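Written below as structure tokens is the structure these notes are about.
All figures in this text were calculated on a predicted structure; none of them were measured in a lab. Starting from 1, each residue takes its place in the sequence as its number.
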Amino acid sequence: MQHQSKLPNVGTTIFSIMSKLSNEHNAINLSQGFPNFESDQKLTDLVSKAMNSGYNHYAPMAGNVELREAIAKKITSLYHTSYHPENEITVTAGATQAIFTIITTFISQGDEVIIFRPAYDSYEPAITLNGGKAVSIQLEAPSFSIDWSTVEAKINGRTKMIIINTPHNPTGTVFSKEDMQQLEKITRDTNIIVLSDEVYEHMIFDGEKHQSACLFPDLKSRSFVVASFCKTFHNTGWRIGYCCAPKTLMEEFIKVHQFNVFCIHHPTQKGIADYMQEPNHYLDLPTFYQRKRDLFLSLIKDSRFKFTPSKGTYFQVLDYSEITEEYDVDFAKRLTIESGIASIPLSVFNSNNLDNRVLRFCFAKEDDTLKRAADVLNGI
């Protein structure tokens, strides 16, 4: 059979490549973004309890009612704004499904979507599959900050959406209040939808406050806020997240969602709803992950790598420019094969594979794993 690929330039993801290489060479895997420690047993028990209590059939299409109410309560508590649990919150099969469905709902042939590179790798394929065009704005190392005048210059009559990600994967940077105000200003009085990917909202360090899109009234009126329980509760394989948006936007989202997955694993939703009754299960995360970041960086402070401490997420970018001039993909592969430590090269997320000679390392690991990793990095 002959067929034309809808994604002709998409191959195996760098995450799969580096994890496979890590497994083949028994390397310490700090590449893919998942913890090597278990989720809280209490949460697992609550999900099991839900299964044994009969939550084994279809959940409501928008999600378990108790979970949507828990999400609404959390948002009101943290951000002093509200989403109605009945028609402004939808539980999804991870943040990736939410992102894909939002793009599918609103992007048509010829529409332009502004993304910031390095960009998480699911954004552009979803845009392409729906006939849209990704308009990339490259962020420069080491600050990876945004020049909003450049963003404004890229906006035209075809601009349908802007995708932001804060805290930012893969760089570990965060948007400031001023960033969000600039975004609000340039999208005001337009029909532009903002997709705000906030899956690391509870992993922000050094006393900083997460600047959610829902904190800014005009921005909130045009935004989808996307979040992830998988990242928050250390269970990436559960694939459960959610998104929030004003009713008029969510009504359109639901039309596509119902023919995509319809609803999400019901007992997991019920278990998370019960688990969220204790807010410290997510409020303690900044302290938890900042300690891991600080441990990791203290252990490699005398290495040949340069770094600016991550401001959010559970990723740390390390600059290797004083070690070698190798292309970052080649260096990452060599580190895995010869030194036994796996990372993610950032060039694969950049425009034209721009190489800033930096690698991303995940510090969501047991302390012993971080210590062993540091020993390797210090020897390079």
Side-chain angles (χ1 to χ4, degrees), residues 34-35 37-78 82-106 122 126 129-130 195 197-199 201-202 214 224-282 285:
F34 61 85
F37 46 83
E38 294 300 321
S39 184
D40 187 351
Q41 186 62 46
K42 180 178 179 181
L43 175 55
T44 305
D45 290 343
L46 286 169
V47 173
S48 296
K49 179 182 177 182
M51 289 182 184
N52 292 323
S53 300
Y55 288 85
N56 299 308
H57 299 289
Y58 295 124
M61 184 167 62
N64 173 275
V65 174
E66 294 167 88
L67 180 54
R68 282 181 280 146
E69 289 174 345
I71 293 167
K73 181 179 178 181
K74 184 196 84 164
I75 290 170
T76 299
S77 174
L78 290 180
S82 63
Y83 289 100
H84 199 292
E86 181 179 340
N87 49 36
E88 295 186 320
I89 298 172
T90 302
V91 182
T92 59
T96 300
Q97 184 246 315
I99 292 166
F100 189 90
T101 302
I102 293 163
I103 293 170
T104 300
T105 300
F106 295 100
S122 78
L129 284 169
N130 287 284
L195 194 169
D197 179 352
E198 303 181 15
V199 301
E201 64 175 319
H202 299 301
C214 71
F224 277 87
V225 173
V226 176
S228 168
F229 292 119
C230 303
K231 298 292 193 298
T232 300
F233 295 139
H234 323 309
N235 40 38
T236 56
W238 287 14
R239 310 307 299 137
I240 183 166
Y242 63 91
C243 61
C244 306
K247 179 182 176 182
T248 53
L249 294 179
M250 192 61 76
E251 285 176 342
E252 296 303 312
F253 176 93
I254 283 289
K255 292 177 184 179
V256 178
H257 175 76
Q258 69 177 323
F259 297 117
N260 188 350
V261 296
F262 185 80
C263 66
I264 314 306
H265 191 254
H266 200 173
T268 303
Q269 293 191 61
K270 170 61 175 168
I272 291 176
D274 292 340
Y275 191 67
M276 288 180 69
Q277 300 309 307
E278 175 46 69
N280 284 337
H281 288 145
Y282 50 86
L285 277 182

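For the atom pair Y83 OH and I89 CD1, the distance stands at 8.5 Å (nearest 0.5 Å). From Q277, atom CD reaches atom CD1 of I272 across 12.5 Å, with rounding to the nearest 0.5 Å. Taken to the nearest 0.5 Å, the CD1 atom of I102 stands 12.0 Å off from the CG atom of N130. Atom CG of L249 and atom SG of C244 lie 12.0 Å apart (nearest 0.5 Å). Atoms OG1 and NZ, from T236 and K231 in turn, are 7.0 Å apart once rounded to the nearest 0.5 Å. Atom OG1 of T92 and atom CD1 of I99 lie 9.0 Å apart (nearest 0.5 Å).
A donor-acceptor pair under 3.5 Å is formed between the side chain of H266 and the backbone N or O of H57. Panel note: side chain S77, backbone K73; no donor-acceptor pair is recorded below 3.5 Å.
A tilted orientation is assigned to the rings of H202 and Y282, their planes being inclined by 30° to 60°.
Here the closest non-hydrogen pair linking I264 and A93 is CD1-N, 3.3 Å. Scanning all heavy atoms of the two residues, the minimum distance from E88 to M250 falls at O-CE, 3.4 Å. Residue V199 comes nearest to T232 through the heavy atom pair O-OG1, 4.5 Å, listed as atom of the first residue, atom of the second, then distance.
The environment of E278 atom CD is dense: over 12 non-hydrogen atoms of other residues, nucleotides or ligands sit within 6.0 angstrom. Surrounding CD of E86 are at most 12 heavy atoms belonging to other residues, nucleotides or ligands under 6.0 Å away.
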When you look at H257 and T105, which way does the side-chain contact (heavy atoms from CB on, under 4.5 Å) test go after all the steps?
CA-CA 9 Å; H257 175 76; T105 300; over 6 Å; no
- For the pair T96 and R239, evaluate side-chain contact (heavy atoms from CB on, under 4.5 Å) and give the outcome as yes or no after the intermediate values. CA-CA 9 Å; T96 300; R239 310 307 299 137; 3.7 Å; yes
Worksheet item: For T101 and F253, what are the C-alpha separation, side-chain angles and deciding distance, and is it a side-chain contact (heavy atoms from CB on, under 4.5 Å)?
Response: CA-CA 7 Å; T101 302; F253 176 93; 3.5 Å; yes
Report task. For F37 and H234, run ring pair (Phe, Tyr, Trp, His ring centres under 6.0 Å): C-alpha distance rounded to whole Å, both residues' side-chain angles, the deciding distance at 0.1 Å, then the answer. Result -> CA-CA 8 Å; F37 46 83; H234 323 309; 5.1 Å; yes
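Checked against the 6.0 Å centroid criterion, the rings of F224 and F106 qualify as a close aromatic pair.
Side-chain atoms of Y55 and N64 include no donor-acceptor pair closer than 3.5 Å.
Using a 4.0 Å cut-off between a side-chain N of Lys or Arg and a carboxylate O of Asp or Glu, D274 and K270 qualify as a salt bridge.
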